[in-house]
Novice: 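Have a look at this one.
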Amino acid sequence: MKKLLVSLLFCTAGVSVMAQRAKVSSADENLKKQDLEKAKADIDAALQNDKTKNDAKTWLVNGKILEAMGTKQKSAGLALEAYTSFKKALEIDPKMKEAILEMSGPMFNVYATVANAGYGFLNEQKWDSSLVDFKHAFEIAEYYNSKNLGTTIPTDTALTFYTGYAANQANKKDDALTFLKKAADLQFKGEPALYVVLGQLYEEKGDQASWLKTIEQGKALFPKDKRFNDMEMAFYSKTGKTNELLSMLEKKMADNPKDEAAVLDYAIRVDNLANPRDEKGNDAPKPANYEELIGKAEGAYKKVLELNANDATANFQLGALYFNKAVVYNKQLNELDSKQQTSPKAKELQGKVEGLMNQALPFFEKADAAFTAKAANLDAGDKQTYESCLYALQKIYAIKNQNAKVEEVKKKLDALK
């Protein structure tokens with residue numbers, strides 16, 4: 001009878017193990033049927049049993065179920081639980097065949113669910129939460145790719161940028177620099193803000209070489225974004241290297257005297273050096289060599305117009321050069337007290353203002369005509385320039401009491417907006 005009793009005990013133990021393994025199989029079958037509640041109940045039972053809780057297959061199936069639930073509910077929490085479960089499966093059996101066959105799709109879904117949660121927080125401007133989820137997404141991808149399971153999760157350049165952006169907004173500068181640098185190395189072209197923010201980070205660190213390289217990279221990828229010209233001017237100004245910039249630009253122009261774009265680029269840069277702005281975009285004090293710089297800019301604008309009389313940007317910029325000089329004299333005129341308003345000084349200033357406004361007007365009108373001719377194809381930078389041109393025209397026409405033209409320009413501004 002004792003032998004019979006022992007035999008029965010062994011038999012019972014075998015049945016118990018088989019029953020728990022059946023739970024794993026049942027959980028997998030219910031997952032395939034999308035009956036996630038039954039699948040989770042079965043796998044939880046297997047995870048609580050000493051016979052199957054240390055089985056790699058159990059943790060793999062648990063991960064797949066959690067992934068399916070997380071994907072369905074768009075839950076980063078469930079997705080991260082699935083990730084933990086997949087890791088547990090591979091810790092128990094690093095070479096499990098089922099992982100190669102069954103883990104690829106679920107692991108990518110886990111990565112995507114966590115990343116999308118990060119984007120959700122980003123849209124809500126919850127920078128810290130967004131950064132946490134984005135970093136988890138990168139962790140998932142790096143872990144899976146390190147296991148050589150036959151497929152990989154590809155590097156997402158947009159996610160790389162937005163992780164750095166969220167980090168910067170959350171004031172996590174080290175993380176921001178790490179991810180933004182990686183995005184720049186990948187030549188992400190989706191957002192010029194990448195190169196603006198990265199440049200600012202290098203400036204804060206005092207890394208002049210990387211600062212200038214980032215500005216140049218941004219300018220090459222987004223040639224019509226005026227922020228990079230401003231950043232470049234700021235770089236050379238703050239590092240005391242404006243003479244180097246001028247020499248470089250003048251050589252480039254001398255090497256390409258008939259290159260309209262090169263001459264215009266030189267003119268705008270020198271104009272910006274003559275009329276610096278602070279970090280908030282306000283006028284900064286004029287440099288000591290203002291007259292020299294503004295003269296060089298004026299000559300270069302005229303050279304562009306010799307090459308192409310209808311260049312919209314060059315016409316606007318030359319008109320703006322005269323207009324801005326008029327504004328300076330007008331400010332001096334307004335600063336005179338009432339007794340001085342009829343003085344020879346006042347008359348001299350008034351004459352300069354009127355003369356410069358008259359000088360600017362035909363160039364603004366040519367720019368208006370050129371922009372109007374290509375109105376259907378204006379990009380954001382051209383629209384901004386055209387808008388500035390129309391505001392200047394409106395101002396000059398108002399000073400001249402040409403009310404009909406003021407109304408005509410107003411209609412163009414309304415249409416442009």
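If you read the sequence from its start, that first residue is 1, and numbering goes on from there.
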Novice: Side chains of Asn358 and Lys400: do they bring a donor and an acceptor to under 3.5 Å?
Specialist: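 Note: Asn358 and Lys400 side chains meet the donor-acceptor criterion.
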Novice: Whether Lys205 and Asp207 form a salt bridge (side-chain N of Lys/Arg under 4.0 Å from carboxylate O of Asp/Glu) is what I want to check.
Specialist: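 Here Asp207 does not pair with Lys205 in a salt bridge, since their nearest N and O are not under 4.0 Å apart.
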Novice: So does Asp42 pair up with Lys38, basic N to acidic O under 4.0 Å?
Specialist: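 Not counted as a salt bridge, because no side-chain N and carboxylate O are separated by less than 4.0 Å.
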Novice: Do we see a donor-acceptor contact under 3.5 Å between the side chains of Ser104 and Thr151?
Specialist: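 Short answer, yes.
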Novice: Between Thr152 and Asn145, is there a side-chain donor-acceptor contact under 3.5 Å, judged purely by atom types and distance?
Specialist: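 Their side chains do not contain a donor-acceptor pair, so the 3.5 Å distance test is not met.
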Novice: Just by distance, with hydrogens left out, do Asn315 and Asp311 show a side-chain donor and acceptor under 3.5 Å apart?
Specialist: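 The criterion, which ignores hydrogens and geometry beyond distance, is not satisfied for Asp311 and Asn315.
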Novice: Set out, in order, the CA-CA distance, both residues' side-chain angles and the distance that settles side chain to side chain contact (heavy atoms under 4.5 Å, CB included) for Tyr143 and Lys147, then state yes or no.
Specialist: CA-CA 7 Å; Tyr143 173 82; Lys147 294 303 175 182; 3.3 Å; yes
Novice: Evaluate Tyr119 against Phe134 for ring pair (Phe, Tyr, Trp, His ring centres under 6.0 Å), listing each step before the verdict.
Specialist: CA-CA 8 Å; Tyr119 279 117; Phe134 282 154; 5.0 Å; yes
Novice: Salt-bridge test for Lys296 and Asp271: reply yes if a basic N is under 4.0 Å from a carboxylate O, no otherwise.
Specialist: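 Not counted as a salt bridge, because no side-chain N and carboxylate O are separated by less than 4.0 Å.
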Novice: Going by atom types alone, do Asn403 and Tyr397 pair a side-chain donor with an acceptor below 3.5 Å?
Specialist: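 No - no donor-acceptor pair under 3.5 Å links their side chains.
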Novice: Within the supplied structure, the quantity of interest is the number of heavy atoms (other residues, nucleotides, ligands) at a distance under 6.0 Å from Lys173 NZ; does it exceed 12?
Specialist: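 Yes.
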Novice: Got a sec: does the NZ of Lys57 have more than 12 other heavy atoms crowding it under 6.0 Å?
Specialist: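 Yes, enclosed.
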Novice: Run the salt bridge (charged side-chain N to carboxylate O under 4.0 Å, His left out) check on Lys135 and Glu139 step by step: do they pass?
Specialist: CA-CA 6 Å; Lys135 289 179 74 174; Glu139 177 192 335; over 6 Å; no
Novice: Taking the ring centre of each residue, are Phe86 and Tyr83 less than 6.0 Å apart?
Specialist: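 They do not qualify: ring centres at least 6.0 Å apart.
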Novice: Within the supplied structure, the quantity of interest is the number of heavy atoms (other residues, nucleotides, ligands) at a distance under 6.0 Å from Lys40 NZ; does it exceed 12?
Specialist: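 Enclosed.
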Novice: Take atom NZ of Lys87 as the centre, draw a 6.0 Å sphere, and report whether it contains more than 12 heavy atoms from other residues, nucleotides or ligands.
Specialist: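 It does: Lys87 NZ has more than 12 such atoms within range.
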Novice: Give a yes or no on whether Glu335 atom CD has more than 12 heavy-atom contacts from other residues, nucleotides or ligands under 6.0 Å away.
Specialist: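 Counting other residues, nucleotides and ligands, CD of Glu335 exceeds 12 neighbours.
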Novice: Could you tell me whether the side chains of Lys74 and Asn116 share a donor-acceptor contact shorter than 3.5 Å?
Specialist: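 No.
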Novice: For the residue pair Tyr386 / Thr372, report whether a side-chain donor-acceptor contact shorter than 3.5 Å exists.
Specialist: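 Short answer, yes.
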Novice: Indicate whether the side chain of Thr71 and that of Glu67 have a donor and an acceptor atom separated by less than 3.5 Å.
Specialist: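 Present: a donor and an acceptor within the cut-off.
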Novice: Run the salt-bridge test on Lys32 and Glu29 with the 4.0 Å N-O cut-off and return the result as yes or no.
Specialist: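 Glu29 and Lys32: salt-bridged.
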Novice: Does Phe323, at its CZ atom, have more than 12 non-hydrogen atoms belonging to other residues, nucleotides or ligands within less than 6.0 Å?
Specialist: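 Enclosed.
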Novice: Hey, which of Leu122, Asn168, Asp175 is the one that makes side chain to side chain contact (heavy atoms under 4.5 Å, CB included) with Leu131?
Specialist: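 It is Asp175; the other options fail the test.
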Novice: Between Asp44 and Lys23, does at least one N-O distance fall below 4.0 Å, as a salt bridge requires?
Specialist: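 Salt bridge between Asp44 and Lys23, a charged N being under 4.0 Å from a carboxylate O: no.
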Novice: So that I know where these two stand, are Phe179 and Phe138 an aromatic pair - ring centroids less than 6.0 Å apart?
Specialist: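 Distance test on ring centres: under 6.0 Å, yes.
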Novice: In terms of side-chain geometry, is the basic nitrogen of Glu387 or Lys383 positioned less than 4.0 Å from the acidic oxygen of its partner?
Specialist: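 Judged by the 4.0 Å cut-off on N to carboxylate O distance, Glu387 and Lys383 do not form a salt bridge.
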Novice: Does a side chain donor of either Tyr266 or Glu250 reach within less than 3.5 Å of an acceptor in the other side chain?
Specialist: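 Yes, a side-chain donor-acceptor pair sits under 3.5 Å.
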Novice: Under 3.5 Å, side chain of Thr385 to main-chain N/O of Gly381, donor-acceptor pair present?
Specialist: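 Judged by distance alone, yes, a pair lies under 3.5 Å.
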Novice: Taking Thr52 for its side chain and Asp55 for its backbone only, find out whether a donor-acceptor pair lies under 3.5 Å.
Specialist: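 It does not hold such a pair.
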Novice: Does Asn123 have more than 12 heavy atoms from other residues, nucleotides or ligands lying within 6.0 Å of its CG?
Specialist: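 Atom CG in Asn123 is packed in, count exceeds 12.
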